[in-house]
Structure formats: structure tokens, C-alpha cells
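The chains referred to below are lettered A, B, ... by the order of the sequence lines, with proteins before strands, and numbering in each begins at 1. Only heavy atoms go into these numbers, but all of them, side chains included; no hydrogens, no water, no symmetry mates. Bear in mind that the values here come from a model prediction, so they are computed numbers and not experimental data.
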Amino acid sequence: MALLNNFTTACLRNFQGDRLHNQLFFVVRALHKSAASESYGMSTAREEAMAERLITPSDAGVKTAVKTLKDMPGPSTLSNLVEFFWRDGFSRIHEIQMEHCKKFGKIFKSRFGPQLVVSVADRDLVAEVLRAEREAPQRANMESWKEYRDMRGRATGLISAEGEDWLKMRSVLRQLIMRPRDVAVFSDDVNQVVDDLIKRVCILRTQEIDGATVLNVNDLFFKYAMEGVAAILYECRLGCLEDKIPEDTQDYIGALHLMFSSFKTTMYAGAIPKWLRPIIPKPWEEFCHSWDGLFRFSLIHVDKRLSAIKDQLERGEEVKGGLLTHMLVTKEMTLEEIYANVTEMLLAGVDTTSFTLSWATYLLARNPEVQEQIFTEVTKTLGPGVVATADDVSRLPLIRGLVKETLRLFPVLPGNGRITQDDLVVGGYFIPKGTQLALCHFYTSMDDENFPDATDFRPDRWIRKDSTDRVDNFGSIPFGYGIRSCIGRRIAELEMHLALTRLIQKFHIGVSPLTADVRAKTHGLLCPSAPINLQFTDRKN
Amino acid sequence: MALVTVFRRLALVRLREYTRRSAAVGPSAWLTGQRSFTTGTQTLRSDNKVTIHFINRDGEKITVKGSPGDSLLDVVINEDLDFDGFGACEGTLACSTCHLIFDEDVYKKLGPVTDEEMDMLDLAYGLTDTSRLGCQICLTKSIEGIVARVPESVADIRQSKDGSS
Ligand code: HEM
Ligand code: FES
């Protein structure tokens, strides 16, 4: 239990390519003044060279001169270092994003040693950048992930793969888990996990004196999310929501925990140049060690399914199954690619979903009128006690609004990254190919221009009057947009919609006196900075 | 032996090809419901092809035919129509590049829009009140002869258009 307390993970940290990763990476680079093995990004020299060229937009006959990176505002390298090392900026990345946007405008540059990051914090500019993507967009440098995989003879998965490799796997996987109706097939499996979630709430609250409080709900939602993703990815149950968690599952949680606890050090794993490893071996060792654990777990479950399929075939039986079976039987990806992808998906799918569920229930508890409004919609639409399925969700617009609004206020990935693959002109600045961009989603989703009264929690702002009513929502794209957007989006949505609907039907969710204001902090992902304790009281149906 | 037969059957079903082909609405999800690898019936394709007129970005009219059950995106792919950047996510509702614009009376005939399609439409470039995503529209006889206009292309912020990356 304690293990799971405040269980967040750094797992996505590398991949998310948000400013945290880049900043850490660059800061470390800068500190070590390393002769980098791989040239990352653009050198100062190049930027200066760029400045000499004055480019005018080729289109539209608008004769405004395009500015260069040299003209772009931004914090100084030194103030960045101070911000991050002396003032613990790492846990406030989303706040620093806000401060910098306010101070420097909607496009600005930050420098971390030799590395330059251009932050884009304007809804329309973010749209322009994402719409200009090519067939295999790149998020950030994934060298350390690749190096581990090469060393162990493993394949890369969707998060760590690039170029052709990525596109090949993405084409296979998107045909399986991206379309809403393909994912709706998992509705019953997910609902069984929701059954266990509800039972667990009932057990946990009896352990408190008031008979209602569940301490640190994220602990519970972490287990729910893990169980839910595993039910789909591995076609089996892990027992996370049982009283006694099976040993291999516990080992896996341990590996995730290691990733988390050694967050900063494993971050350095990718940043510390190889030649320094003999002197500072720990970060790289821990990085490898946690990956070993994550892969081991996937191997166990994939191999189990594979041998079951072989047995069935030998007995001449028909092979039936879900996602994993499909992948194993059709062999569109190699076995190694399957291992790598289920590993990376499990990693990407657990904390993201659980943090969002924690925030959603927290917001419901703090806004009882909103909770009542949603409760009314759910009971009116479904009838008392009826269990919702994927097909019912379209009739529950406030449930969808609840998830969207939660992710707007607490976007699990407060920023995302892209390495430009063309020379671009963004916001009047010439940005050369190969530049690391940071898309500031946290800022755009809290911008009053995009969302009036942006700090208010209003799930109904997402409700449409009719099908031509538009909600201009590039300001809040918590799953990204386009061909490299979150592949687990529909799975995550299904898990969250079904869990929240049932929780709202069953319980009145209230704040526990033990919980005051909970603020967000960045720890790779945007997560609660303190345990969220909530009271779950039975509704009279 | 058994192994061979199962894989042969599988090859026949070719679930992926199958879902890709019929990217649009209909109970054609992979492993629908029963999740058996030996079931999965192809939609019967009659010879009654449906005619669609596309208007490309240069304003040219291109007339093609498609099979009932196919999506408008399938038609664009099958007919090799060259609309730059169209259908980037292969009909999986992640991109909105398959955006098409219709006349109002046609728009009304196209059937209901799912929430997920509306969400992606919100992110489409040059959105209108009669916009839809081509990958979500299924050909039926009732839309015979409709006109689908490909919207203006995104104001391209790319400076190098050589395609090298
Ligand atoms: C609330 C839940 C979730 C949120 C907010 C979320 C958000 C994101 C975001 C913002 C990205 C980056 C997209 C981009 O760069 O444009 C991403 C990528 C990804 N997510 Fe999620 N995610 C969630 C749940 C999941 C789940 C449940 C899974 C797995 C089943 C998953 C698997 C992935 C993978 C594999 C990628 C990398 C995709 C690629 O590079 O092709 N995510 N996610
Ligand atoms: S092809 Fe991407 S949404 Fe239609």
C-alpha cells in the first residue's frame, strides 16, 4: 500500500518530450559541458547564421519581414538554471510555463546550454505546427530508450520508435485500438473492472472511522487503471484490486515505483554522456533495472497467451481472443515488437488515466452542484441502477464533458514536444528544421481567451446545442492531435467514462476534512501534490 | 496441420484489411462482439456502385464510383485521388485531414454525426456548418451523385516543400 502512496511515475517523462524532459536534459548537458556524443538540436552558431538570412513569406504577398530566432524573446540561460535548480522548478514546470508565457508572450525561446527550445503557447500557432506535420512526426530525442533496447536486444515500441519503424507499428495498432467503435468492444471487460473498483471503494471505506473515507484515491485509481489496461492488453486480470495482490504484479508495481522514485536520476541516464557512466553509474543502472522489470512483466503475460494459443491450435480448437491474441495470430508485428508495444502502452496508460480520475473525483467533490447536475443526467438517462456501456456514453454528454473539463484544468501532459522536420515560419519567426518545440498545452487551456472563466470547473461548457455547434478546442488537446497523438485515447476514455458514470451513480462523493486544497505539481506528469482523500457515501437509488 | 488450417482461414478473413476497407460506420469492427477469428462476414458488395463527384482544391470536378459500404476515404484511396495530406490517420478519427464540405441538402442526407467525429471536426481547417469527415461517411444508394468538396489546404507554414525530412 505504502508503495503505491503518491504513486506517480516518471515513466512518461522521457517520452512526453515536454519541457521537463528537455530542460532536464539540457541542463544536465550544460552542467557537464560534455562533448555530446550525438549532436542534439541546433548550435548557437547555427542560430546566429540563421539570423543573417532574412526570409520573407513566400505566400500571400504580405511583405512583412520574417523575424529570426535571434529576435525572439525568452528567459536567459542563467535565470533558467536558477529557476530549476535553486527554486525547484522541476515540480513547477506548469507554473513556470505560465509565468514565462505571461512575461515573454506566446512564442519564446529558452536556452539550456547548447540546446534551444522554442515554446509555443498560442492556440492557433499550436494548430499550425501540428497541421504542418509529416508522416512520421518526432516528439523528442529518445536515444536513451533506444540504447537500452539495443543493449538488451529488444525492439522499440510506439513511444520510442521513429520514422519508418514507428509508422509501420502505428499503422497496425491504430487499426486495432484507435477507432471508438473498435474499442467499444471492450466495454464489458472494462465494466467488470469497474465492478471491482466499486467493491474496493466499499471495502476501503470500512477501514476508516467515518466509514466513508477513502484515503489517497489515486492509489485506488492507479490499480483500477492498471487492471483496466491489462484486461485489454493482456486479456487477463492481474488482481490489482484484490486484497492480496499477486506476486508478479507486485514486482511490476515495484519496477514502476523504481522508475518513479529515481525520477530525476533516471532522467540523467539519458543525459549523462556515456563516457561519464563509469564515474556516475547509478542513473543508467537504475534506468535499465526498471526497464528490465517492465519488460519482464510483459513477457510473462504475452508468453502465457502465446502458449495458450499454441495449445489450442494443437488441439485443433478455434482460436478466440482479443487484442493480444489478434496480434499474436496475425503476426503483423514481430514478437519483440509486440513485447515492446504492450510494455510501452502499459507504461503510458496507467498514471495518465489514474491522475485524471483522481482529479475528476476531486473536482466533483469540490463542486457538489456540478456533481448533482451530472448525477441527474445519469439517472434520468440510464434509469436507476442501470450499468452504462460504451454505447450509452453518447447519451451522457456531461460525463464526456466531465472528462474533457478535468483534462483541460489538469492536462496530464502539461506540455508536449515536437522536433521540427521542415523549416517553419511560426508566429512570424523563422524556425529552422530540427528545432525542439514545446507546445504549452497547460497555458492554452487556462487562457481566458480560449475558455472564458478558465479557472472555473464547468463540464457543461463542452455541451453542444446541436451537431453544428462548434467548440473551438485546439486550446485543449490533452491527447494531442494528428497521426502521432495518443494511441490509447479511446481506451482511456472508455475506462474513465464507465468508471465515473458508475461512481456518480453509486456514491455521493465528498471532500474529506483531511483534504484541503490540493495543488498540481509536475513530476513528469501533472499530478496531485498531496494525497486526495474523499468520502464516498451511498446514494439512495 | 490444424495450425495450417487456422491460418488459412485467418488469411481469408484478413481482419485488418477488412476493417481498413470499410473504414466507415457499420458493425464491422474487428472481432465484433464474439471475437472469434473464424467469423467475420464480408459486407456483400453489390454491383450497384455509387457515383461521387469530388471537387478538388483547384476547383476541378472528379467523378468516381465506389462500392456501398465503403467510406468516402476508401473511395479517395481506391481511386488514387491526389488530395495532398488527405486521410492521414487512415480513418481512425485522430486527424481530421479527411475533411469534406457538402451542400446543405446533401449534408442532411449523410446521417448522424458521432461525438468523436464532432470533436475531431472542431479541429478541422476551414470548418463550415456542412463539414463532415470523409472517413466517417459510408456510401449508400441514397447518396448517389453527391458532390463533396475538398476544402482549401492548410495555410502552409512549411518553408521547404521538397519533401525531404
Ligand atoms: C487520460 C489518459 C491519457 C492521456 C491524457 C494521454 C495523453 C497522451 C499524449 C498527450 C500523448 C502524446 C501525443 C502527441 O505527441 O501528440 C500520448 C501518447 C501516447 N499514449 Fe497516451 N494518454 C492517456 C492514456 C493512454 C493509454 C490508456 C494508453 C495505452 C493504452 C496510452 C498510450 C500512449 C502511447 C503508446 C503514446 C505514444 C504514441 C505514439 O508516439 O505513436 N495513453 N498520450
Ligand atoms: S482520416 Fe483521420 S479522421 Fe478521417
Side-chain angles (χ1 to χ4, degrees), chain A residues 55 58-60 127-129 131-136 171-172 174-176 178-182 184-185 310 313-323 325-326 329-330 332 393-394 397 400 421-426 430 433 464 467-468 470-474 477 481-483 485 487 489-490, chain B residues 1-3 5-7 9-10 14-16 19-20 23 25-38 85 88-97 107 112-123 125 127-131 154-165:
Chain A
I55 288 113
S58 47
D59 53 287
E128 280 180 18
V129 167
R131 282 177 177 145
E133 281 184 347
R134 291 188 174 278
E135 47 290 326
S171 310
V172 173
R174 70 181 164 207
Q175 293 300 333
L176 303 177
M178 271 303 270
R179 280 195 203 85
R181 69 187 154 81
D182 292 346
V185 171
K310 282 190 181 143
L313 288 175
E314 259 156 38
R315 291 195 300 268
E317 287 171 17
E318 184 185 57
V319 178
K320 283 188 180 183
L323 180 63
T325 309
H326 178 87
V329 172
T330 55
E332 290 168 317
V393 177
S394 63
R400 299 186 85 244
Q421 297 177 321
D422 291 277
D423 292 344
L424 302 180
V425 172
V426 183
F430 179 82
K433 174 174 164 177
R464 293 169 209 271
S467 63
T468 55
R470 299 293 170 213
V471 187
D472 192 357
N473 60 11
F474 245 110
I477 42 167
Y481 168 77
I483 46 176
S485 61
I487 193 124
R489 172 180 186 166
R490 304 303 175 189
Chain B
M1 281 300 281
L3 212 135
T5 46
V6 169
F7 280 106
R9 264 183 284 163
L10 250 171
R14 291 298 305 162
L15 285 160
R16 185 160 83 96
T19 28
R20 175 176 296 163
V25 232
S28 52
W30 67 288
L31 313 182
T32 313
Q34 341 182 2
R35 301 213 195 159
S36 160
F37 284 91
T38 51
C89 79
E90 293 185 322
T92 55
L93 274 178
C95 74
S96 71
T97 60
Y107 177 81
V113 195
T114 63
D115 293 320
E116 292 85 357
E117 182 183 347
M118 277 189 269
D119 290 349
M120 290 320 294
L121 266 174
D122 285 342
L123 304 174
Y125 183 77
L127 191 67
T128 71
D129 276 354
T130 56
S131 290
V154 178
D156 204 337
I157 59 168
R158 290 190 290 216
Q159 297 295 300
S160 49
K161 291 179 185 163
D162 53 336
S164 64
S165 58

So which heavy atom on [X] is nearest to which on [Y], and how close?
X	Y	result
A:Arg131	B:Leu123	NH2-O, 2.8 Å
A:Arg174	B:Cys89	CD-O, 3.5 Å
A:Pro180	B:Glu116	CG-CG, 3.5 Å
B:Ile157	A:Glu128	CG2-OE1, 3.2 Å

*Select one option (side chain, backbone, both, neither) describing which atoms of B:Thr130 are under 4.5 Å from chain A's heavy atoms.*
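Neither part; nothing is under 4.5 Å.
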Proximity breakdown for [X] and chain B, heavy-atom pairs closer than 4.5 Å:
X	value
A:Ser394	both
A:Ile487	neither
A:Ala132	both

*Of the listed residues (B:Thr97, B:Val113, B:Leu127), which shares the most heavy-atom pairs with chain A below a 4.5 Å separation?*
B:Leu127
*In sequence, state the C-alpha distance, the side-chain angles, and the governing distance for B:Asp115 and A:Arg464, and then conclude on salt bridge (Lys or Arg N to Asp or Glu O under 4.0 Å).*
CA-CA 10 Å; B:Asp115 293 320; A:Arg464 293 169 209 271; 5.7 Å; no
*Taking A:Glu133, A:Arg400, A:Met178 one by one, which has the highest count of heavy-atom pairs under 4.5 Å against chain B?*
A:Arg400
*Measure the spacing between CG of A:Asp182 and CG of B:Leu93 and express it to the nearest 0.5 Å.*
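Reported to 0.5 Å precision, the distance equals 10.0 Å.
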_Audit row: B:Arg158, A:Asp423, side chain to side chain contact (heavy atoms under 4.5 Å, CB included) steps and yes/no_ = CA-CA 6 Å; B:Arg158 290 190 290 216; A:Asp423 292 344; over 6 Å; no
